[in-house]
Structures are given as C-alpha cells and as structure tokens.
Amino acid sequence: MLFSGAVNASDVKEVYWEDLVPPDFNELAPQQATDHNNKMAQLQPDAPVVDIYNGERVKVPGFIVPLEGTAELTTEFLLVPFFGACIHVPPPPSNQIVHVKMNEGVPVENLYDAVWVEGIFSTTRYSSDLAAAGYSMQGEAVHPY
C-alpha cells in the first residue's frame, strides 16, 4: 500500500467528512443551474466550508484521486470521501474534497484502499477541470485506514 512520513500522533486531530460541512448546508440544493451537457458536472463547486481546522495538523480518511506524479509516486491528489468520486461518478460538493500536495511523493498501489492523510489543513480552495475542492492540505504522511 502506501506509507510516508512520520508525524507525532498526539499532535494530529482526527477530522471526518461530516466535520467539514457547515450545520445548515444542504448538499442537495443546487447552487447553479444544471448543465445537462456534462453529466459528470459537480453539483456544488462553491459549497461553504468550516474554518475551525484552518492551519491545524489533522488527519482525514478517504480515497485518493491522483493528479500529479510519476507511475511510482503521487505528489498531488484529491482526497474524497468515497471510492470513485470524480472518476466514476460526479464529484461531491467542494466541501467534501481536499486538494493535497505531498512534501514527498507517495506510492499508491490500489485506489480502492481507504487511507488516512495527515498534514496542515487549510480552507484554500482549489479548482481544476476535474473538480473544485473547498479545502487544501500540505500532506506530510499517508497511512492505511
């Protein structure tokens, strides 16, 4: 699988996907007109975020959608809450996607495997042709879930 980095576990806060959604957020309420020409379009690319973890060292579970790297090492990826998000099904709301840049590349052997990603969390948004992310992380370590 993939393993990288060593971070002091006592300094890391566990953050789960429901923690990243404001209490009054309705993911089913579209923020924009539906584009019937692109069935993989993200329903809420500008979903509201929470800022309580901004600048904190956290670990978030999820699945990797590689963006940059080599055949052996991934240096940049999207962390999503379920397998297939952004690849096989439309992306979730942006407050359910974390854009991760690793200090060092990590090997990704199986995209089906859930992982913990540790690093410094921020509310910096990221956008690409694939999806918009409401959060970013400077990744320090990746471990099996």
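Note: hydrogens, waters and symmetry copies are ignored here, and every other heavy atom, side chains too, is used.
Considering Val117, Leu111, Val108 in turn, Val117 is the only one that fulfils the side-chain contact (heavy atoms from CB on, under 4.5 Å) rule with Phe77.
With a 4.5 Å cut-off on side-chain heavy atoms, Phe25 and Pro93 count as touching. The shortest side-chain heavy-atom distance between Pro22 and Asn95 falls under the 4.5 Å cut-off. With contacts defined as side-chain heavy-atom distances shorter than 4.5 Å, the pair His99/Thr124 does not qualify. Contact check for Val49 versus Asn54: no side-chain heavy atoms found under the 4.5 Å cut-off. Taking the side chain as every heavy atom from C-beta outward, Glu76 and Tyr126 approach each other to under 4.5 Å. Between Phe121 and Val15 there is no side-chain heavy-atom pair separated by less than 4.5 Å. Using a 4.5 Å cut-off on side-chain heavy atoms (C-beta onward), Leu73 and Met102 make no contact. Between Thr123 and Tyr135 the shortest side-chain heavy-atom distance falls below 4.5 Å.
Under the rule for a salt bridge (Lys or Arg N to Asp or Glu O under 4.0 Å), the partners of Glu14 that lie at least two apart in sequence or sit in another chain are Lys59.
Taking both residues in full, the closest heavy atoms of Ser94 and Ala47 are given as OG-N, 2.9 Å, listed atom of the first, atom of the second, then distance. Pairing each heavy atom of Thr75 with each of Gly105, the nearest pair is CG2-CA, 3.8 Å. The shortest non-hydrogen separation linking His88 to Phe83 is CD2-CE2, 4.1 Å.
The line from NZ of Lys13 to CD1 of Ile52 is 8.0 Å long, rounded to the nearest 0.5 Å. Between the CD1 atom of Ile120 and the OH atom of Tyr53 there is a distance of 14.5 Å, given to the nearest 0.5 Å. To the nearest 0.5 Å, the span separating CD on Gln96 from CG on Leu78 amounts to 13.0 Å.
The closest donor-acceptor contact from the side chain of Gln42 to the backbone of Ala132 lies under 3.5 Å. Between the side chain of Gln138 and the main chain of Lys101, a donor-acceptor pair closer than 3.5 Å is present. A donor-acceptor contact shorter than 3.5 Å is absent between the side chain of Ser136 and the backbone of Ser122.
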Query raised in the report: Between Leu79 and Val115, does a side-chain contact (heavy atoms from CB on, under 4.5 Å) hold up when you go through it step by step?
Result: CA-CA 9 Å; Leu79 186 68; Val115 297; 4.3 Å; yes

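In summary, the side chains of Asn103 and Glu140 do not present any donor paired with an acceptor at a separation below 3.5 Å, with no hydrogens or angles considered.
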Cut-off 3.5 Å, no hydrogens considered: what does the side-chain donor-acceptor table look like for residues 60-68, sequence neighbours left out?
none

